[in-house]
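Before any comments, here is the structure.
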Amino acid sequence: MLEGQKYNQQKPVPVDLPSLQNASRILYDQFTKDAQIIPDLGETLTASGGQASASYSVFPDDTRVPFQKRRFIAIPESLFQYYDTASVTTHMGLMPELERAWISIDHKLFLWDYNDGQDLSSFVDQPDVITSVTLVRPKRSLFIEEISHLLVICTPVSVLLLGVSMTSVTGRDNKPRKEIQFYATDRNAPTDVEMMSVAGIHDGRIFMAGAQDGHLYELHYQETESWFGKKVQLINHSVGGVQSLLPRFASTNTDDRIIVVVSDPSRNCLYTLTEANTISVYKPSGEKAVQHIQTISNIYKSAQDKAPGSPALTPKSFQIISLHVVGPHESRSNIQLLAITSNGVRLYFAPAPSYGYTYTPTTNSVRSLHLSHVRLPPSNLLHPDDQARLRSTIPSYGQLPQKQTRGYVISAIENACYCDGLLVAAQQGDSDGVDYILCVSPDLTRIGSLGQLNVPQQGPLGQQQHGSTFSGYVGSTSSRPPLTENAALLSIPGRTWAVAAMPDHSSATPSNTPTPTVINELARQFGESPQQFMLLTNSGLSILSKRRAVDYLKAVLEELQAGNSVQPIIEFRDSFGRDQTCAMLLALASGNTYLDGEISSNGPIIYASPEIAAVAKQAFYDFGERPIWTERVTYGTADSQGSAIFSGRREGFALYLARLVRPIWKAKLTKSGPSGRQELNTPEPTLVSVQKNLFALKDFLDKSPHLFHASPGDSTVNQEALKVGSLRCDKETQTLISNQTFEDLITTQNGMTISRALVNVVIDQQIGQQISVDTVSEVLQRRCGSFCSTDDVMLYKARENIRKAVETKSPTERRDWLSESLRLFTKGSRIIELEKLREIIGDYQQLNYAKGAILLPLTCAQVFDSDNTGLEHWYAGSPQNDPRQEQANKRMQCYDLVMDSLSVFEEKSGDSQSMQTQHVIDNPETVRSHAYELAFASADEMFHSVLYDWLIGRGLADDLMEMRPTYLEAHLKREPVTVQKYQLLWQFYVKNGQPLRAAEVLGALADSNQFDLELNSRLEYLTLAVANAKSHPLSADARHETAIQFLTDLEEKVEVAQVQLEIYNTLLPHVDDAPEVGQKVRALSKQLMTMNDLYQGYAVAFQLPGLQLLCLHVSDHRDENLVKPIWNQIFDEILDDNLETTVTADMIQSRVIPLGQRFYPSTSAFPLRHVATLLVRFMLAHKNEMSVGWVPRILIQCGIPYTEIWDILHEMYESQVPPFHEQANVQAISSDIAVLLNEWQEEALRPQSSISAGDFPVGRIDSTIDHYLSELEPSRSETKKLYENIKRQLRRNW
């Protein structure tokens, strides 16, 4: 178990991205400097306008000799058993691509694995003496895939192709080696001319020279024979096979034989050299054809013109022995070809100047070449014997011997090898069995801009200048110094057969990174092995290694540590500059995988001896000095400006760190592989090497904090990126990293996020393989601390606990493991990403662990919004375009996980089969109930609101009302309000015993303008509000007076709403009459209106007298001047139709009776006397046509008491006011009174009548009838009978 203190709640120190980004800019500055401090080959040759040069640095001490003999490997003893006769024919050569040397003994061919030392592969299946063997690439798809190379075996009578496959295996001492296998190809071409100098080009075509005739041949081979060609044949391009751009001569000059054929794969051309020092250029064109581009002759004369008077250029000594291709990466000025003479003169060829346009080199174009520069050989080389003799007499670095030495002049070079500015050439020595090796390399202290302050001047032995003597352009000025090279002569045993450079294992620089020149070993010496050359002699294989500046420095430190003078290291600093020296001292002090000079990209960190490391560390501190601030003050102002001169320690550290990470810094992390999956873009050995060196540097800085006053930066970050960069991950993560560089991974927020995702992938993979999280997390924290914090470890441990809970069969253990996982997840919740949280909750759901599935997302919601900005956003009503919305969204995502868990537990509870599910802790119904308990127990109000909405949406509102949880009331009142919320809120108050609050909610809902409610619904809500308000007990609180007023208001609103509804129903059939009418009618259904709005806007506007009366009635507005015209209008509308009297009478009756029944006794809407007057007037106007008693019967049906009707009619009878001043009208009224009194009496006598017999005014009626009879006209006999009958009934019944 991890210690408890690891699980602290302190937040990890955040990564300072701005500082990292600034550091990245500094690294890029260093990349740029490295690309500029050393010129390329072409720039050094053309410096000062020189066409010839001969400047060399020759040192007698071992410290600065440019090459050293690394080791010697003897030819295996087992090979000598094949020398079974006194006279055998033997040849040998080198094949660096196969890591083999080839040796032929008569017809037998042996490939010697010089790395192993003893392993031999043999081929003896042909009978002829082998004279030459060359390794070439085959044509594509012609042989089986295993065949990667072809051996071109030449004999005097044939040319044979032998297939070779190559497999990398682990050899002795766990070192990699190549295992080869031969394949017969059935490709054998007979020849009358022995072939030599074979060269293959990139597409698999093979060219060679005829030894006897000197012609250019091509070995053409194809899959099958055809009518037009054999399976293999030799084509002579010198006789009819060349498409020449030059005039063809009638016969071939056999005296000028081709002796060398060289291919230039980058430019897709061939160069040939003849015995007469003529160079030709060919370009392969169609199949079996080549194009002759150019022939360069008179090279000796051209060389003399560029270096007149040079003793190295004489007709006798001028013999070109080899051609070497100069790649485009070596020369920006397009130096293309190097020719070397037997006495060491180097001839550089470049495209001829083209005037009038700018030339841009391409791989598909070949331009005419001309001799561009002549590099003369050194004339003051130390004889190897003198060099050995002088070693013991050299006092210190830079000091020269006093004793005179003899010079040595190169004169008979037989083999040479050129590679990236380095030259190794062999000639026979003064004594038998010894060869002398000329070693030449650029002197970077002379040609580079290294910030040197005092470049020491060399004496006669140390330096000779010929550049100015042979300059073709006197007085030319250039910012670059001319080429100066280090030169030395070494001796090796045996006669040299072949020289070759070992394969280049350097790391490629990303295309978007400034690239140092190939001769800038200062920038490359800490990231790749030094260039090594192999020299194959009849004694064995000698390995020469280029000595780098750091090797010089190490020798100087050893001399200083031995107690000698400090002057050598001071001179070294003056030669290479302070910053370069500090960078190299830092490498020696901290260790580097390339310090020993071995070719191995997977080697361990090489440390100097403790004594040398201590001296390097002290020198780094002493030479590093302190930074300087230079201030410039502007006089007359308070402003001051200045600039900083950084210390050598800072510059050296930046330079060294930049050189370590240059191969990867700007490189993409991954690239698309053959299967479509992302794979490493940078080779894994490069990543491992960079990581090792960064870790060594960090370890050194951690142990030596005093070297910097401020921390120079944590290089572990780079190392972490290397570790996570090589992971296999899912497609989603692959997509994220596909466009990321290592720089992005470390210096951007997106990169940090991806890094964490990659670390999570590692942990998940390890957990899946049953590997302890403790073990993995310990390594990750040690190596990738920024990407794997203590919180990360807690999460990994928690995931492991879940895995254990799944695996265990004990319910108790399962519960304990899950509880512990929840505890750890809770502590590390601040770094749990949402996707990872979803996975965790999914695990808890599967395991029916309600506590984890509910509480963990609730905890994460609080942690993700630790400052409650999201909660504040929610309290504010969730306004749009609010920066706080992002935090609120994070909370919501966590709440969604809780809802998902509740849904899952609901489903499981309803699934009868879930009872049999494995790993179930409790009964599903119990789990579901527990989950709800935990959810409702939360104190997070925002979560409760989400939970209530979720429950309501699932149709569980009734259950919620029964529970009435803490935050339900606040939730239902919170914006945005909805009809559903209001409906639930008033129900909540009813169930909570608060009817008045329920009435208030219902009233507000009915009045609300923000909801599209039907008028019927609003009236319903008002009615419910009245009912709830009436059920409010007056003694419940001190609000009874307010409650009474509220109830009164509600009741009035109900009445007004009823009027509005009646108006709406009346006008609804006319909604489509006109647009403005329809708009007004629809407005009635949208909101409640005031009585004034209804009266003026609708009842009056639409001329609805009945509804006008209704408005007056409901509002109890008493105004005779208002109500009488309305009744007049009612009667006028009927009378205006001019119908028959009986019809009109019926219409009046049908209108008045409903209104009377509805409004009486309201004087505001039913002015009885006025209505009676209108009826009587109509009756009087048509008294001859109307039945007697029409008026009183209408009023009786209106529900008006008999006594009131009698009073009104009697008043008319007695009034004598027109129209009652006429006797006929008075008599008509008397007849109606008779009818009224008769019906009144009958009603009083009717059983179960509403009028009791005691209430009937017998005395008054009896006396008044006498009065009526006394004034009754004799012609009204029917009226008289009624009166008399009434009197009889009065006496009979009372």
Side-chain angles (χ1 to χ4, degrees), residues 1015 1019 1022-1023 1026 1048-1068 1070 1080-1081 1084 1088-1137 1144-1179 1190-1209 1211-1212 1236 1250:
L1015 188 55
L1019 182 57
L1022 285 174
T1023 305
V1026 170
T1048 304
D1049 293 342
L1050 285 177
E1051 290 175 334
E1052 291 178 354
K1053 287 183 179 179
V1054 170
E1055 292 177 345
V1056 174
Q1058 290 172 338
V1059 173
Q1060 182 173 338
L1061 180 60
E1062 186 167 343
I1063 295 175
Y1064 175 71
N1065 291 331
T1066 302
L1067 295 178
L1068 187 59
H1070 304 282
K1080 292 202 67 174
V1081 173
L1084 283 170
L1088 294 179
M1089 297 184 180
T1090 66
M1091 186 59 75
N1092 186 61
D1093 293 336
L1094 294 173
Y1095 182 78
Q1096 297 292 344
Y1098 292 90
V1100 174
F1102 287 94
Q1103 297 182 2
L1104 303 173
L1107 294 177
Q1108 293 178 35
L1109 294 176
L1110 179 62
C1111 292
L1112 295 175
H1113 169 68
V1114 172
S1115 62
D1116 196 24
H1117 183 76
R1118 294 178 174 86
D1119 186 350
E1120 289 188 355
N1121 295 326
L1122 195 62
V1123 69
K1124 287 181 178 181
I1126 297 174
W1127 278 101
N1128 293 339
Q1129 180 184 353
I1130 293 173
F1131 276 81
D1132 290 342
E1133 287 177 355
I1134 299 172
L1135 297 175
D1136 288 344
D1137 291 340
T1144 303
D1146 290 340
M1147 291 182 64
I1148 291 174
Q1149 181 176 343
S1150 65
R1151 290 292 301 276
V1152 172
I1153 291 174
L1155 294 175
Q1157 292 174 344
R1158 184 172 190 178
F1159 299 136
Y1160 178 85
S1162 170
T1163 58
S1164 57
F1166 195 80
L1168 178 58
R1169 294 185 181 277
H1170 183 67
V1171 173
T1173 301
L1174 292 175
L1175 290 171
V1176 169
R1177 285 181 177 175
F1178 177 77
M1179 179 271 295
W1190 179 75
V1191 172
R1193 287 192 179 99
I1194 289 177
L1195 295 177
I1196 291 170
Q1197 291 183 59
C1198 287
I1200 302 170
Y1202 290 92
T1203 182
E1204 290 192 33
I1205 301 172
W1206 185 29
D1207 290 343
I1208 293 171
L1209 293 178
E1211 181 180 341
M1212 293 179 184
L1236 171 67
S1250 60

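Residues take their numbers from the sequence shown, with the count starting at 1. Everything numeric here is computed off the predicted structure, so don't read it as measured data.
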**Study point:** Sub-4.5 Å side-chain heavy-atom contact between Leu1110 and Arg1158
**Key:** yes

Exercise for review: Assign the ring pair His1113 / Phe1159 to parallel, tilted or perpendicular, where the plane angle (0 to 90°) is split at 30° and 60°.
Suggested key: tilted

Study note, to complete from the structure: Between the OG1 atom in Thr1144 and the CD1 atom in Ile1134, the distance rounded to the nearest 0.5 Å is 8.0 Å

Exercise for review: Give a yes or no on whether the backbone of Gln1197 and the side-chain of Gln1157 come within a donor-acceptor separation of less than 3.5 Å.
Suggested key: yes

Practice item. Return the minimal non-hydrogen interatomic distance between Ile1200 and Glu1204, and the atom names on each side. Key: CG2-CB, 4.0 Å

Check your understanding: Looking only at atom types and distance, does a side-chain atom of Gln1060 sit under 3.5 Å from a main-chain N or O of Leu1094, one as donor and one as acceptor?
Key -> no

Practice item. Taking the side chain as every heavy atom from C-beta outward, state whether Leu1104 and Leu1067 have any pair of such atoms under 4.5 Å apart. Key: yes

Check your understanding: Out of curiosity, His1170 NE2 to Leu1175 CG, how far, rounded to the nearest 0.5 Å?
Key -> 10.0 Å

Review point. Any donor and acceptor pair, going by atom type alone, linking the side chain of Tyr1098 with main-chain N or O of Lys1080 inside 3.5 Å?
Key: yes

Point to revise | Least distance between heavy atoms, Cys1111 atom then Tyr1095 atom | key: CB-CD1, 3.6 Å

Exercise for review: Check step by step if side-chain contact (heavy atoms from CB on, under 4.5 Å) holds for Thr1163 and Glu1120.
Suggested key: CA-CA 9 Å; Thr1163 58; Glu1120 289 188 355; over 6 Å; no

Exercise for review: Let me know which of Val1191, Val1176, Asp1207 forms a side-chain contact (heavy atoms from CB on, under 4.5 Å) with Met1212.
Suggested key: Val1176

Point to revise | Between Glu1133 and Gln1129: side-chain donor-acceptor atoms closer than 3.5 Å | key: yes

Review point. Would Leu1015 and Leu1088 satisfy side-chain contact (heavy atoms from CB on, under 4.5 Å), going step by step from the backbone distance to the final call?
Key: CA-CA 8 Å; Leu1015 188 55; Leu1088 294 179; 3.9 Å; yes

Practice item. Please round to the nearest 0.5 Å and tell me the distance separating atom OG of Ser1162 and atom CZ of Arg1118. Key: 7.0 Å

**Study point:** Leu1236 CG to Ile1205 CD1 distance, which is reported to the nearest 0.5 Å
**Key:** 5.5 Å

**Study point:** Ser1164 side chain vs Leu1112 backbone, donor-acceptor pair below 3.5 Å
**Key:** yes

Check your understanding: Hey, does Arg1169 have a side-chain heavy atom less than 4.5 Å from the side chain of Glu1211?
Key -> yes

Check your understanding: Is Trp1127 reaching over with its side chain to a backbone N or O of Ala1165, donor-acceptor style, under 3.5 angstrom?
Key -> yes

Revision key, fill the gap. Here the gap from Tyr1202 atom OH to Leu1209 atom CG, rounded to the nearest 0.5 Å, amounts to 13.0 Å

Check your understanding: In Å and rounded to the nearest 0.5 Å, what is the CD1 to CE distance from Ile1130 to Met1147?
Key -> 12.0 Å

Check your understanding: Below 4.5 Å, heavy atoms only, C-beta onward: do Leu1068 and Leu1084 meet side chain to side chain?
Key -> no

Check your understanding: If you look at every heavy atom in Leu1109 and Leu1155, which pair is closest and at what distance?
Key -> CD1-CD1, 4.0 Å

Practice item. Quick one: closest heavy-atom pair of Gln1108 and Val1100, and the distance? Key: NE2-CA, 3.7 Å

Point to revise | Heavy-atom check, side chain of Leu1107 versus side chain of Glu1062, under 4.5 Å | key: yes

**Study point:** Ring geometry between Tyr1160 and Phe1166 (parallel below 30°, tilted from 30 to 60°, perpendicular above 60°)
**Key:** perpendicular

